[in-house]
Amino acid sequence: MPNPDSKLRIYNTLTKAKEDFQPLNPPQVGIYLCGPTVYAESHIGHMVGPVIFDTIKRYLRYSGYEPTWVVNITDVDDKLINKSRERGIPVSQIATEMTADYLANLRELGVNQIDYMPRATDHMGNIIRFVEDLVEKGFAYAVEGDVFFDVTKDPGYGQLSNRNIDDQQGEGGGAAAKKRSSGDFALWKSAKPGEISWDSPWGKGRPGWHIECSAMSREILGETFDIHGGGLDLMFPHHENELAQSGCCHGKPMVKYWMHNGLMRAGAKGKVGGKSDRESAAEATPEEAAEGKISRSKGAGGLSTLIRRHTGTRIRFFLLRTHYRSTILFNDEGLEEAGVALEGFYRLFDRVEEITGKSFYDDSFEPARTRAEGEFDPGDNELLKQVDEFRGKFIVAMDDDLNTGLAVSVLFDWLRSMNRYLDETKLASGAKADAPEVVALVTAMQKMKELTDILGLFTKVPASGGGDEAAQEMLDKAVHLLIDLRKEARERKDYATGDTIRNRLSEIGIALLDKKEGTTWEAS
RNA sequence: GGCGACUUGGCCGAGUGGUUAGGCACCGGAUUGCAAAUCCGUCUACAGCGGUUCGACUCCGCUAGUCGCCUCCA
């Protein structure tokens, strides 16, 4: 065993219970997360899965495992085809653009742990083989160029989402008439004239929605792997169908642990439920009220804009403050507050850097990379005893189904403890590096870094005052403050002061322009 | 109609059968030339009604409300 101390427990959607995490082939852990269909720009809801799984992978490695994480890109499907028709450009171009957008957003949020990002269109042969296999084994049938999965052949069908085929509302659509039973779903869809297509034993066509995940996960992670994740909305039909396809094709379970993250809701202020909701709903703008659940079809705003305004770190922190399985109510005030909360850490890191000369944002503190390596003896140092306790609490929280919210609260206690220590020891910038107080401080921060690295927080220097827009606004206000001071000085004929302000600003690269209607400024 | 999740203090959000979550905001104090920051402290809780129990916010039931999925939304 890589780490006999690991007591990680994970909530498994399939069994609806928290289970001890036991990988199939330790120390290896295979993780597959359903990625986006790249037909439009991503919104914040698309980041919940990536951020939590990025954290899960970091934590698994910290716990001594060797995780491999796959996120697929679905780059061919009906919505892409529609978009292509709308915009008059090829499907591939839309996919390329939107994939780039998605990747840029991931990068901003510090999601950098993905090992493979397979694209459906790169796995066509693989997908077709999978469908052929299912047909041969009698789980699927071809009708006029389409191939459907026969849900009646799978006695376990519905186990993940706990549904009964007979209870389901029927489905319309042109393909319905071809199906043996209404619950059957498409594995392969025949191409209409002019549509993007690939050759197959059933004629020209494209894959159905779910099959690409079954084919690609098998290719990279094997017929059975450890963790499969995605948003709660994918549980049915997407994951149910994947599970059915792969299970029937291989005669064994596809996945050991199914993990589903909660969905975001666009947020009016107030509670999600309860009495106050009626009022808060009334306060919401019609746009907000109509939005409800964030989804592409309802037009949630571009994520890149949000990142520019709030920074990726802030958004990541905001997501990690809540447990991954709960609904996150998302609004601007929430992000704003997350930013305020984060400030406290930035100030601590500044204080510490003053004293030690070490930056928290790089690897200056040389944190341990695994839990085993990070074990240490605090001796009878009061600070380090506390640190050891915080570290233990943090790990317990993470072991309990990735309770990042609780883990973050430990960080806040830790923060206070560090500030208290700095207040009491009165350490300042001249402190000797080998002074016992400084040595303890460095150790404490090293431990903190060890854990914040798991959450992927504080890995880069914070942009001052938030994103670009916020910084611009702040700069503008600051310059106007100086303009006002200069005006007051000139009004009492203190031209020396007035000119000093203008000249000094000019040296910085800010030109003041005196006009009839007042003074403005521009970057020179 | 079927399946499922949820309801914690001004707001956001953890958690537990009897013991301080945490954050933001507020208030009091320490510190500070003033302010900020920091520290200390206080104050607002577990939707309603029943039941189990020595004891429930935590378990069970009912009621009310909110939310999600039910063929292509992460």
Side-chain angles (χ1 to χ4, degrees), chain A residues 13 16 33-37 40 42-50 52-53 71 74 77-79 102 158 161-173 175-176 179 182-186 189 208-210 229-238 240-241 260-265 267 269-278 280-281 292-298 300 317-318 321-323 325-329 331 333-334 336-344 347-348 350-351 393 397 400 403-413 415-424:
Chain A
T13 315
K16 296 174 182 38
L33 175 71
C34 282
T37 301
S42 37
H43 63 250
I44 188 169
H46 295 121
M47 294 294 121
V48 181
I52 186 65
F53 275 84
V71 178
T74 299
D77 100 316
D78 291 358
K79 279 183 297 210
Y102 183 71
S161 55
N162 189 26
R163 11 194 116 219
N164 195 319
I165 308 168
D166 305 328
D167 291 340
Q168 299 311 304
Q169 293 172 350
E171 178 247 349
K179 295 180 183 176
S182 65
D184 293 352
F185 55 91
K189 297 177 155 191
W209 178 28
H210 324 291
L232 209 50
D233 53 345
L234 291 185
M235 195 162 92
F236 187 89
H238 187 54
E240 190 71 69
N241 292 350
H260 290 96
N261 59 268
L263 304 179
M264 292 201 102
R265 288 185 51 221
K269 41 196 170 252
K271 301 180 190 178
V272 178
K275 289 179 234 164
S276 65
D277 190 68
R278 197 163 291 159
S280 67
K293 180 197 156 195
I294 298 180
S295 75
R296 286 167 170 166
S297 53
K298 289 174 185 162
F317 176 72
F318 175 76
R321 283 178 86 178
T322 310
H323 187 88
R325 280 192 284 119
S326 58
T327 304
I328 303 177
L329 195 61
N331 55 38
E333 295 83 62
E336 212 52 63
E337 195 205 298
V340 173
L342 237 23
E343 294 292 328
R347 283 190 215 101
L348 171 68
D350 283 348
R351 283 182 93 175
K393 281 185 181 168
D400 182 16
N403 192 338
T404 53
L406 187 58
V408 164
S409 82
V410 172
L411 252 26
F412 278 102
D413 289 336
L415 168 66
R416 176 175 292 117
S417 188
M418 293 309 298
N419 276 321
R420 195 187 302 131
Y421 179 77
L422 292 178
D423 284 356
E424 282 168 2

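Note that these values count all heavy atoms, side chains included, but never hydrogens, waters or copies made by symmetry. Residue numbers start from 1 in every chain, and the chains themselves are labelled A, B, ... in the order their sequence lines are given, proteins ahead of strands. Keep in mind that what you see is a predicted model, and the values were worked out from it rather than measured.
Distance CZ/R265(A) to CD1/I328(A): 12.0 Å, rounded to 0.5 Å.
Distances shorter than 4.0 Å separate some side-chain N or O of N162(A) from OP1 or OP2 on G4(B). OP1 or OP2 of G15(B) has at least one side-chain nitrogen or oxygen of N403(A) nearer than 4.0 Å. Dashed line: the shortest gap from a side-chain N or O of R416(A) to OP1 or OP2 of C40(B) is under 4.0 Å. Taking side-chain N and O atoms only, T322(A) has no distance below 4.0 Å to OP1 or OP2 of G23(B). Within the structure, a side-chain polar atom (N or O) of R347(A) is placed less than 4.0 Å from OP1 or OP2 of U38(B). Residue R321(A) places none of its side-chain N or O atoms closer than 4.0 Å to OP1 or OP2 of C12(B).
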Can you check side-chain contact (heavy atoms from CB on, under 4.5 Å) on M418(A) and L415(A), steps first, answer last? CA-CA 5 Å; M418(A) 293 309 298; L415(A) 168 66; 5.6 Å; no
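Between the P atom of U31(B) and the CD atom of E424(A) lies a distance of 15 Å, rounded to the nearest Å.
With U38(B), A74(B), C69(B) as the choices, the nucleotide that has an atom nearest any side-chain atom of M264(A) turns out to be A74(B).
With salt bridges taken as basic N to acidic carboxylate O contacts below 4.0 Å, one links D78(A) and K189(A).
Under the 30°/60° scheme for interplanar angles, the aromatic rings of H210(A) and F185(A) are found to stand perpendicular.
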